[in-house]
Amino acid sequence: MLNYIWPILILASFIYAIFSGNVQNLNSSIFKSLESVITLSITLVGTMCLWCGLMEIVKNTSIMKKIIRMLRPVLNWLFPESKNNEEAMENISMNTISNILGLGNASTPAGIKAMEGLQKENKNKQKLSNSMLMLIVLNTTSIELIPTTVIAIRTSLNAQNPADIIIPIWFATIIGTVVGVISTKILIKRSKNK
């Protein structure tokens, strides 16, 4: 649907600029936007590289094992059918930690590996398992302690206090995660009772 909407809007803006005599303004706004996009991209790539590097260092130290051990009781409750799948649980832990730290795209590789590990143990390959559903919900609603991507975007846009959104994000992500997990647990229980 968006493949049709965006071209129509772009074409309409060009036509409007031509008929209203604002072609010069259109050209200058295109180049200003390109400059903003490049600046924002460099900021986000830099932030992502920093966090990916830190996660790689942490992954190869004993710190990660301690964090995984701390998360294990919660993850065993969230993913009861996968608690014996060590590889999947380690990747779920990495993905969860990355999401909590607000690393955005940096958490994607661990999430994909976790999903592949969960698919290996899935009996019905055409249907998502309960653990796969829970992982999707956790990735969608994830609690974020440090919303690094949003802070980086606000910094690049010269916000006076780019980190002033942290407390509202805590409330929103905690409520979203609690509602998502409870809803998923209820729906999983209902589907088992049928």
Side-chain angles (χ1 to χ4, degrees), residues 40-156 162-163 165-166 169-185 187-188:
L40 180 61
S41 297
I42 290 170
T43 303
L44 292 177
V45 166
T47 304
M48 198 166 100
C49 288
L50 169 72
W51 283 108
C52 283
L54 287 174
M55 284 303 289
E56 198 60 36
I57 291 168
V58 169
K59 191 163 95 172
N60 295 319
T61 63
S62 62
I63 296 170
M64 184 52 69
K65 289 180 179 140
K66 289 176 184 173
I67 293 172
I68 290 171
R69 222 176 295 129
M70 282 179 7
L71 284 175
R72 196 64 187 226
V74 175
L75 294 179
N76 284 345
W77 179 74
L78 291 171
F79 302 94
E81 60 194 33
S82 302
K83 62 184 171 186
N84 295 326
N85 186 341
E86 287 299 319
E87 181 186 350
M89 290 303 273
E90 186 175 318
N91 286 316
I92 291 169
S93 298
M94 288 289 296
N95 179 257
T96 303
I97 293 163
S98 299
N99 281 326
I100 288 172
L101 293 174
L103 306 185
N105 292 337
S107 65
T108 303
I112 292 170
K113 286 181 185 174
M115 196 61 84
E116 287 171 351
L118 295 174
Q119 179 67 356
K120 284 179 190 172
E121 69 180 17
N122 188 6
K123 292 178 179 97
N124 183 354
K125 303 293 184 197
Q126 303 301 316
K127 199 173 174 187
L128 293 174
S129 69
N130 294 336
S131 293
M132 293 168 87
L133 291 171
M134 185 60 76
L135 183 61
I136 291 169
V137 168
L138 284 180
N139 272 288
T140 306
T141 63
S142 179
I143 293 172
E144 273 192 55
L145 295 181
I146 310 165
T148 53
T149 304
V150 176
I151 291 172
I153 291 170
R154 288 174 51 90
T155 301
S156 73
I165 44 107
I166 289 179
I169 284 180
W170 288 351
F171 283 116
T173 58
I174 288 169
I175 291 168
T177 300
V178 168
V179 169
V181 167
I182 290 171
S183 301
T184 305
K185 284 287 192 182
L187 292 172
I188 287 171

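By convention here, the first residue in the shown sequence is residue 1. Computed from a predicted model, the values in this text were never measured in an experiment.
- The distance from atom CZ of Phe79 to atom CG of Asn85, rounded to the nearest 0.5 Å, is 11.5 Å.
- At least one side-chain heavy atom of Ile166 sits less than 4.5 Å from a side-chain heavy atom of Pro147.
- Of the possible donor and acceptor atoms, one in the side chain of Lys125 sits under 3.5 Å from a partner among the backbone N and O of Lys120.
- In this structure a side-chain-to-backbone donor-acceptor pair under 3.5 Å is present from Thr173 to Glu144.
- Under the 3.5 Å distance criterion, the side-chain polar atoms of Arg72 are matched with a main-chain donor or acceptor of Lys83.
- The only option from Ile169, Thr141, Ile143 that meets the side chain to side chain contact (heavy atoms under 4.5 Å, CB included) definition with Ile174 turns out to be Ile143.
- By the 6.0 Å contact criterion, NZ on Lys185 is enclosed, its count of non-hydrogen atoms from other residues, nucleotides or ligands being greater than 12.
- Every residue meeting the side-chain contact (heavy atoms from CB on, under 4.5 Å) condition with Leu133, not counting sequence neighbours, appears here in chain and number order: Leu128, Asn130.
- In this structure, CD in Gln119 is found 9.0 Å from CG in Asn124, a value given to the nearest 0.5 Å.
- Taken to the nearest 0.5 Å, the OG atom of Ser129 stands 8.0 Å off from the CE atom of Met115.
- The side chain to side chain contact (heavy atoms under 4.5 Å, CB included) test with Ile92 is passed by exactly one of Leu135, Leu71, Leu78: Leu135.
- At most 12 heavy atoms of other shown residues, nucleotides or ligands fall within 6.0 angstrom of atom NZ in Lys123.
- Note that the NZ atom of Lys127 and the CE atom of Met132 stand 12.5 Å from one another [nearest 0.5 Å].
- How far OG of Ser93 is from CG of Leu75: 4.5 Å, rounded to the nearest 0.5 Å.
- With 3.5 Å as the limit, one finds no donor-acceptor pair spanning the side chains of Asn91 and Asn95.
- Not one N or O on the side chain of Glu87 forms a donor-acceptor pair closer than 3.5 Å with the backbone of Gly117.
- Of the N and O atoms on the side chains of Glu121 and Ser82, at least one donor lies less than 3.5 Å from an acceptor on the other residue.
- Residues Met94 and Ala110 come closest through the heavy atom pair CB-CB, 3.8 Å.
- Taking 4.5 Å as the limit, every side-chain heavy atom of Leu138 sits out of range of all side-chain heavy atoms of Asn99.
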